[in-house]
Amino acid sequence: MTYNHKAIEKKWQAAWDAKKTFKVTESSKKKKYILEMFPYPSGSGLHMGHALNYTIGDIFARFQRMLGFNILYPIGYDALGLPAENAAIKAKSHPKKFTDDAIKNFITQQKALGLSYDWSRVLRTCDVEYYKWNQYFFLKLFEKDLVYRKNAPVNWCSECNTVLANEQVHSGMCWRHASTPVVIKQLEQWFIKTTAYADELLDTIPKLDWPDRIKSMQENWIGKSFGTEINFLINDKSWKIFTTRPDTLFGVTFMVISAQHSQLMDLVTAEQKPTVEKFLHKIHSTSDADLDVLEKDGVFTGSYAIHPITEEKIPIWAGNFVIAEYGSGMVMAVPAHDQRDFEFAKKYEISIKVVIQPGAKEVDPEDMDSAFVNDGVLVNSGKFDGLKKDVAIEEITTFLDKQKMGKKAVQYKLRDWLVSRQRYWGTPIPIVYCDDCGVLPVLEKDLPIVLPEKVKFGEGNPLASNEEFVNTSCPKCKGKARRETDTMDTFFDSSWYFLRYTDNLNKKLPFDKKKGNYWMPVDVYIGGAEHACMHLMYARFFTKALRDLGFVKCDEPFTKLFNQGMLHGEDGHVMAKSRGNVINPLDITKQVGADALRLFLVSVAAPDKDFAWSSSGLESIAKIIKRIPLLFENLKLGNSNKKVESKINKAIKEISEDITSFDYNLAVIKLRKLIEDFSQVDEMAKADAESFLKIFHPFCPHLTEELWGKIGNKPFISLADWPKCNEKKIDKKFEQEEELISKTQRDIVHVKGLLKLEKPKVYIYCIPPEVKIFEEQQEFLTSVTGSKFVKVFASNAKDIVDPEKKAKKAKPGRPSIYLE
RNA sequence: GCGGGAAUGCCGGAGUGGUCAAACGGGCUGGGUUUAGGACCCAGUAGCUUAGUGCUUACCUAGGUUCGAGUCCUAGUUCCCGCACCA
C-alpha cells in the first residue's frame with residue numbers, strides 16, 4: 001500500500017463531518033471540557049502557532065474522549081475588533097465581509113488539521129445572536145452597580161483612535177502598537193468594577209493549576225499592599241495619605257501630589273500658578289518620549305499640609321513620579337528612608353530628617369548618598385523613639401487610629417476595567433442619554449441594539465455620525481434621546497464565550513444554567529501566555545460576577561491552564577513575515593500530511609517549551625509515519641508472542657502517562673520505538689494491533705482511522721476505547737534479554753569491523769543461565785551479524801572452544817566473545 | 001528595583017534522590033549501498049584503555065544535607081520572561 005496522505009486525510013475529514021462524530025450533549029458520563037483560546041480571525045489566516053495550539057488541544061481531547069469522558073471540545077471566533085475594521089477601511093471593504101471571509105478561511109485550515117471539534121457549537125462574536133448577550137450582561141452588571149460612568153484620566157492610543165484599559169497598556173505603549181505611546185486624556189468613560197473582586201481574584205490564585213509565571217503575573221497585577229492611611233490637613237480639608245511606612249512619619253519633610261491629579265490646581269496658590277503650569281506643560285510634552293529614563297521632576301505648589309502629630313507645616317510639591325490613580329494620588333515624602341524621595345529632596349534641596357538609625361551612632365543626613373530603607377531603631381520620633389521598625393509600624397498606626405488621625409488600610413494596583421471604545425466594529429453599549437431623564441440603561445426587552453451595517457468610515461466613530469442609530473427614544477419618558485455610540489472592548493466578548501459554547505443556540509438565554517453547570521469549569525485551557533493580565537483576568541472576574549448573579553456555580557473558569565511554547569522559524573527567530581521565515585500549516589499538510597505535521601509539532605520539545613521549526617525534523621517524522629502502513633501490510637493477525645504483548649502493554653502505560661502530563665514529546669519517542677520494534681514482527685493478535693493504532697490515534701488520527709478499517713473494524717477509532725494496560729504482561733525479563741542480545745550484537749559487529757573480517761566464526765561465552773537466551777536468538781544474531789557461524793558456550797562448558805581464553809571474562813548481562 | 005523561570009555533549013532536548021547521566025532527534029565523521037547526487041543501512045562523536053569488555057572525568061560556580069544529588073538546601077554568576085517610580 002502506498003501511503004497517500006492526501007486521499008486518506010480528505011476521506012476521514014469528510015467522514016467525521018458527515019457523521020458529526022464529535023458532536024456532544026450532556027449525559028450521565030463524566031465530562032471534560034477542553035478548550036483552546038479562540039482565535040482572532042485575521043486576514044492572513046492560520047499560522048503555525050495556531051496549528052501547534054490546536055494540535056496540543058486535539059491530542060488531549062482525543063485521548064480523553066477515548067478514555068470515556070464526555071468531551072466538550074468547541075471552537076469559535078473572536079470576530080469583533082479593531083484590526084478587521086482597519087483592514088476593511090484600507091481595502092475599502094466592510095468589516096463584516098472581511099471577517100466572514102477570514103473565518104471561512106480559518107475553518108478550512110482547521111479542518112485540514114483533523115481537529116475533533118464539535119462543529120455544531122461554533123460561535124462568532126460578531127453575530128448579533130452572540131453580542132446581544134454582551135449587552136444583556138452589561139445591563140446585569142449595571143443593575144449590580146458593577147458598571148459605572150466616570151470622568152477620569154484615561155489611556156488613549158492615537159493609532160487605534162480609542163481609549164484603552166490599563167491591562168492593554170504595555171510599558172507605556174499600546175498593546176497593539178508597540179511603538180505608539182499611550183497618552184493620558186481626561187474623558188467620560190464606562191468602567192467595570194473589577195476592583196470589587198480584587199480580593200477574591202487574588203486569594204483564589206494559589207488554588208489554580210496554572211503555570212507559576214502566569215499566577216505571579218496576576219498577583220503582581222492585582223498588587224495588594226497593606227499599610228496605613230494617615231490624615232493630613234490641607235487647607236482645612238483632610239487628605240488620606242496611604243503609606244506602608246508609618247514608622248517614618250516623623251521624617252516627613254514634604255508631600256508630593258501627582259502632576260495628573262484632578263485636584264492639583266486647587267492646591268496651587270496664585271503666586272505659584274505660572275510655575276506649576278509651566279511644569280505641567282513640560283511633562284506633557286516629554287511624556288511621549290523617553291518614558292523609562294524619566295528623571296524625577298517637580299515644583300512647589302505653594303500649599304502646606306499639617307503634620308498630624310507634630311503639627312508642623314509641610315510643603316506640598318507636584319511631581320511627575322506619583323501616580324494619580326493609586327492611593328490618594330499624593331504621598332508623604334520621607335527622603336531619609338525612601339530612595340525616590342531622597343533623590344527628589346537632593347535635587348530641590350529639601351531637608352532630610354533621619355528617623356530610623358541602623359546602629360547606636362547618629363547618622364548625619366549630609367553623609368548619606370542614598371536612602372536608608374532597612375531595619376533599625378526609631379529616633380527623632382517623640383515618644384516612639386527606641387522602637388524597632390516593625391513594632392513602630394504597629395504602634396504608630398494604633399496611636400493614629402485612637403486619635404482618629406489614621407487607620408490600617410489596603411491598596412491595590414488593579415484598577416477598574418475601562419470598557420468603552422470609540423470604534424465601530426464592536427458591541428454597542430446599551431445605554432441611552434435623555435436630556436430630561438439622564439443616563440439610562442436600555443430595557444432588556446429592547447435588546448439587541450443591532451450594530452448598523454451601513455455606516456461611513458473615515459471620520460471618527462462611524463456610529464456617532466449615523467443619525468438612524470443615534471436617535472432613539474427615552475426608555476423612561478419616551479421623549480427624544482440619543483444612543484451611546486461607544487462600543488465595548490472586545491475583551492468583554494471573550495470574557496464569557498466559554499459559557500456560550502455550553503448552549504450556543506439558546507435564543508432565550510445566554511446559556512441554560514443546567515448546561516452551563518454541567519460543563520463548567522473548563523478543565524484544560526490551552527493558549528499563549530500573552531493574555532496573563534488581560535483576557536485571563538477579565539474572564540476570571542466575569543465568572544465570579546456571573547456566579548454572584550446566579551448564572552453559574554463555579555468560582556473559576558479555567559481549572560488548568562496550559563501555555564504552549566513559542567514557535568520559532570528555522571533561523572531561530574520568531575516566525576514573522578518580515579523575516580521571511582514563516583511556514584504555512586496548509587502547505588505542510590499538503591506536502592507531508594496533517595498527521596505528519598501534528599506529530600512533528602509535538603515531537604521536538606515539550607509543548608510548553610519554545611522550539612524552532614526544522615524541515616529535516618519534519619522529514620524524519622514523515623518517514624516514520626510512512627512505515628506504519630507498510631508494517632500493517634505485512635502483518636498477519638493471529639497471535640502475539642510474549643514479547644509483543646510486553647511491548648504493547650508497556651507502551652500503553654507509558655504513553656497514557658505522557659499524554660496525561662502533556663509530555664507529548666516523550667510519548668512520540670515511545671511511539672517511534674514501538675514502530676521499530678514492530679517492524680520485526682510479522683504476526684500479532686488483532687487486539688494488540690488495535691491497541692497500537694489506538695495509542696497512535698491522538699497524534700495521527702487520519703492514518704489510524706484508515707488502518708482501523710483495514711484490519712476489519714467499523715468506523716470510528718476516534719470513538720473507540722483507549723486500551724487498558726495489562727501490567728502482568730509487561731515482562732522486564734524480555735527487556736533485559738533484548739538488551740543482552742543487542743549489546744552482544746553491537747560487540748560482534750564492532751569487532752568484526754575492527755578486524756575487517758568478512759564472514760567470521762563467532763563464539764559467544766556467557767554465564768550458564770544465559771545460554772538459553774542466546775540459543776533462542778541464534779537465528780537473529782546470525783542474520784544481523786552477517787555471520788553464519790555462531791556458537792554459544794556456557795563459560796564453564798566442557799566442550800568449549802576458546803583459543804584466546806575469553807570465556808572467563810563473561811559476566812552476567814555481558815558475555816565475552818571471540819571472532820576468527 | 002520587584003516578581004517568575006532557566007543553566008546538561010557540536011546543537012535541540014530527556015533525565016527531578018539510587019539498578020546505566022546524555023533517551024530521542026538533528027549535525028558532523030567513517031563505512032556499506034549507489035553511475036553520481038539524494039534516499040537508505042551500520043558504526044563513531046569527553047579522555048585513557050581493551051579485538052568488544054574496562055577505567056577516569058563530566059550535568060554554570062562554591063559550599064551544604066544524605067549511605068547516595070544533575071535532581072534537595074544556601075550563596076553567587078549568567079541568561080530569558082513579566083511588571084516597572086504602586087508610596
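Lettering follows sequence order; numbering is per chain, from 1.
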I need the CD-P distance between A:Glu229 and B:A87, as an integer number of Å. 14 Å
What nucleotide, of B:A23, B:C85, B:C83, holds the atom closest to the side chain of A:Asn320? B:C85
How would you label the contact of A:Lys609 with the nucleic acid (heavy atoms, under 4.0 Å): base, sugar-phosphate, or nothing? sugar-phosphate
Rounded distance in Å between the P positions of B:G70 and B:C60: 10 Å
Have a look at A:Asp610 and say if it touches a base, only the backbone sugar-phosphate, or nothing, with a 4.0 Å heavy-atom cut-off. sugar-phosphate
Is A:Asp209 reaching over with its side chain to a backbone N or O of A:Lys560, donor-acceptor style, under 3.5 angstrom? no
Taking CD1 from A:Ile323 and P from B:A87, how many angstroms apart are they, rounded to a whole number? 9 Å
RNA chain B: 5'-proximal contact among A:Ser816 and A:Ser616 (nearest heavy atom): A:Ser616
Go nucleotide by nucleotide along RNA chain B from the 5' end; which of A:Ala612 and A:Asn166 gets its closest nucleotide reached first? A:Ala612
Work out how far the C1' atom of B:U8 is from that of B:U78, and round it to whole angstrom. 16 Å
Candidates B:A14, B:G26, B:A23 - which lies nearest the side chain of A:Ala606: B:A14
In whole angstroms, the gap separating P of B:C85 from CD of A:Gln260 amounts to 11 Å
Is the phosphate of B:A51, meaning OP1 or OP2, less than 4.0 Å from a side-chain N or O of A:Tyr818? no
Pairing donors with acceptors under 3.5 angstrom, does anything connect the side chains of A:Arg540 and A:Thr204? yes
If we ignore hydrogens and angles and just use 3.5 Å, is the side chain of A:Tyr765 paired with the main-chain N or O of A:Val801 as donor and acceptor? yes
Taking the side chain from A:Gln564 and the backbone from A:Gly49, do they hold a donor-acceptor pair closer than 3.5 Å? yes
Using the C1' atom on both, measure B:G68 against B:G18 and round to a whole Å. 7 Å
Taking atom C1' in both B:A22 and B:U45, what distance in whole Å separates the two? 13 Å
Please classify B:G9 as syn or anti, treating any glycosidic angle within 90° of 0 as syn. syn
With a 3.5 angstrom cut-off on both distances, give the Watson-Crick or G-U wobble partner of B:U77, or none if there isn't one. B:A7
Choosing from B:G52, B:A23, B:C83, which nucleotide comes nearest the side chain of A:Trp221? B:C83
Take atom P in B:G44 and the same atom in B:U53, then report the distance between them in whole Å. 10 Å
Select base, sugar-phosphate, or nothing to describe what A:Val322 touches, counting heavy atoms under 4.0 Å on all strands. base
Atom P, compared across B:A7 and B:U16: separation rounded to whole Å: 12 Å
Counting Watson-Crick and G-U wobble pairs only, both distances under 3.5 Å, name the nucleotide matched with B:U16, or none. none
Residue A:Lys413, side-chain heavy atoms: nucleotide from B:C83, B:A87, B:C85 that is nearest: B:C83
Which base, if any, makes a Watson-Crick or G-U wobble pair with B:A51, both distances under 3.5 Å? none
Pair A:Trp221, A:Glu167: side-chain N/O donor-acceptor within cut-off below 3.5 Å: yes
Considering only heavy side-chain atoms of A:Arg672, the closest of B:G25, B:G4, B:G52 is B:G25
I'd like the P distance from B:C59 over to B:U71, given in whole Å. 9 Å
Just to be sure I understand the rule, does A:Lys673 reach a base, reach only the sugar-phosphate, or reach nothing, if contact means heavy atoms closer than 4.0 Å? sugar-phosphate
Value in whole Å for how far the P atom of B:C24 lies from CZ of A:Phe600: 18 Å
Nearest whole Å is fine: how far is B:G3 P from A:Met217 CE? 16 Å
Under 3.5 Å for both donor-acceptor distances, Watson-Crick or wobble: does B:U35 have a partner, and if so which one? none
Any side-chain to backbone donor/acceptor pair from A:Asn563 onto A:Gly528? Under 3.5 Å, distance only. yes
Could you state the CD1-P distance from A:Ile621 to B:G26, rounded to the nearest angstrom? 9 Å
Under 4.0 Å between any heavy atoms, over every strand shown, what does A:Asp212 touch: base, sugar-phosphate, or nothing? Just pick one. sugar-phosphate
So which nucleotide from B:A51, B:G4, B:G25 ends up closest to the side chain of A:Ser216? B:G4
For B:U29, give the paired nucleotide (Watson-Crick: N1-N3 plus N6-O4 or O6-N4; G-U: N1-O2 and O6-N3; both under 3.5 Å), or none. B:A43
Inter-nucleotide P distance (B:A84, B:C79), Å rounded: 23 Å
Roughly, in whole Å, what's the span from CE in A:Met537 to C1' in B:C83? 12 Å
Exercise: do A:Thr228 and A:Thr397 side chains pair donor with acceptor under 3.5 Å: yes
Using atom CD1 of A:Ile214 as one end and atom P of B:C80 as the other, report the distance to the nearest whole Å. 19 Å
Output the single nucleotide from B:G26, B:A14, B:G25 whose closest atom is nearest the side chain of A:Leu666. B:A14
Between B:A87, B:G26, B:A23, spot the one nearest the side chain of A:Ser620, thanks. B:G26
Which nucleotide wins on minimum distance to the side chain of A:Asn220, given the candidates B:G3, B:C85, B:G4? B:G3
For the residue pair A:Ile314 and A:Thr253, establish whether any side-chain heavy-atom pair is separated by less than 4.5 Å. no
